[in-house]
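Read through the structure below, which is laid out as structure tokens, and then see the notes.
Computed from a predicted model, the values in this text were never measured in an experiment.
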Amino acid sequence: MGHLDHAAFGWLTPVLSYAMACAGAALGLRCTVRALGATGRSRRNWLLTAASAIATGIWTMHFVAMLGFGVSGTDIRYDVPLTLVSLLVAMIVVCAGVFAVGYGRDRTRALLLGGLTTGLGVASMHYLGMAAVRLHGHVGYDPALVALSVVIAVIAATAALWAGLNIKSPLAVTAAALIMGAAVSSMHYTGMLAVSVRVTPSGQALPGATAMQFIFPLAVGLGSYLFLTSAFVALSPTTGRPEAPASAQPPVASTAH
């Protein structure tokens, strides 16, 4: 049985991954607040930005944390296509959940459905990412801890969507983002506690890319996207009182000649 190390770089990767999760949650919540105050194409665009921010934060959190993952007795590589599929899954399911809440007429039903869909998608992203791991040996999972990680993912997703619907002030959004970051990190490390590895020593080269060759540059790129988008949202003007529809605006008086 190989010894698993979840923090090969000490506290650096857990803290940095938590920061990524918080940044994604904060940006996603702010964009959701802006979306709910908008209509038409503007609402759609804000919801798309919210979904991409939350998904990017979750995915980046997972793989920044994986930079600190190691197993004694074997190297680790990552299947590049499968890793990218995990990112795509995160984007799609979070988008579905955010749009369900953003356009749902029955808010309670939309919240429950969106939370379940998004939570299952986040868990799928995590375990797809783990399926992309290549090492000399066999990876096993504790079913009870896997189930617990899925429950945490669903609760965290539902709480995030609820916060998007009900929290408006920047201070409250910040507090909610810190809580959501902790929830997402808890889901990740619960899932990692479920992992066991039986190492089979081998001199064969492993397929795939190392974390520093692939995961690190991609995580840096997505992290930069989060912070640049955060700056854009912070600097973009908030909508004031919505304009009255054309049919409700007073007619312009005509002058007789």
Legend entry - V146 backbone acceptor or donor facing S149 side chain under 3.5 Å: yes
Inset, instruction - Calculate, to the nearest 0.5 Å, the distance between atoms OH and CG belonging to Y141 and L145 respectively. - result: 12.5 Å
Inset, instruction - State, yes or no, whether a side-chain contact exists between L84 and F214 at a heavy-atom distance under 4.5 Å. - result: yes
Inset, instruction - Can you establish whether the number of heavy atoms outside F232 located under 6.0 Å from its atom CZ is more than 12? - result: no
Inset, instruction - State, yes or no, whether a side-chain contact exists between M180 and I54 at a heavy-atom distance under 4.5 Å. - result: no
Inset, instruction - Report the distance from atom CZ of F227 to atom CE of M20, rounding to the nearest 0.5 Å. - result: 4.0 Å
Legend entry - H136 side-chain N/O to L206 backbone N/O, donor-acceptor pair under 3.5 Å: no
Inset, instruction - Could you tell me whether the side chain of W59 reaches within less than 4.5 Å of the side chain of V89, counting heavy atoms only? - result: no
Legend entry - CG-CZ distance between L48 and R43, expressed to the nearest 0.5 angstrom: 13.0 Å
Legend entry - Inter-residue atom distance I92.CD1 - T118.OG1, 0.5 Å rounding: 12.5 Å
Inset, instruction - Measure the spacing between CG of L218 and CZ of F63 and express it to the nearest 0.5 Å. - result: 8.5 Å
Inset, instruction - Determine, step by step, whether Y18 and V184 satisfy the side-chain contact (heavy atoms from CB on, under 4.5 Å) criterion, reporting the C-alpha distance in whole Å, the side-chain angles of both residues, the deciding distance to 0.1 Å, and the verdict. - result: CA-CA 8 Å; Y18 172 68; V184 172; over 6 Å; no
Inset, instruction - Treat each ILVMFWY residue as a node, draw an edge where side-chain heavy atoms are under 4.5 Å apart, and state whether L112 and Y103 are in one component. - result: no
Inset, instruction - Kindly say whether T39 contributes a backbone atom to a donor-acceptor pair with the side chain of S42 at under 3.5 angstrom? - result: no
Legend entry - S72 vs V199, side-chain contact (heavy atoms from CB on, under 4.5 Å): CA-CA, chis, key distance, verdict: CA-CA 8 Å; S72 61; V199 175; 5.8 Å; no
Legend entry - Spacing of CD1 belonging to I58 relative to CG belonging to L222, to within rounding of 0.5 Å: 12.5 Å
Legend entry - Heavy-atom check, side chain of L116 versus side chain of L120, under 4.5 Å: yes
Inset, instruction - Indicate yes or no for a side-chain donor-acceptor contact from T117 to the backbone of G114 under 3.5 Å, with no hydrogens or angles considered. - result: no
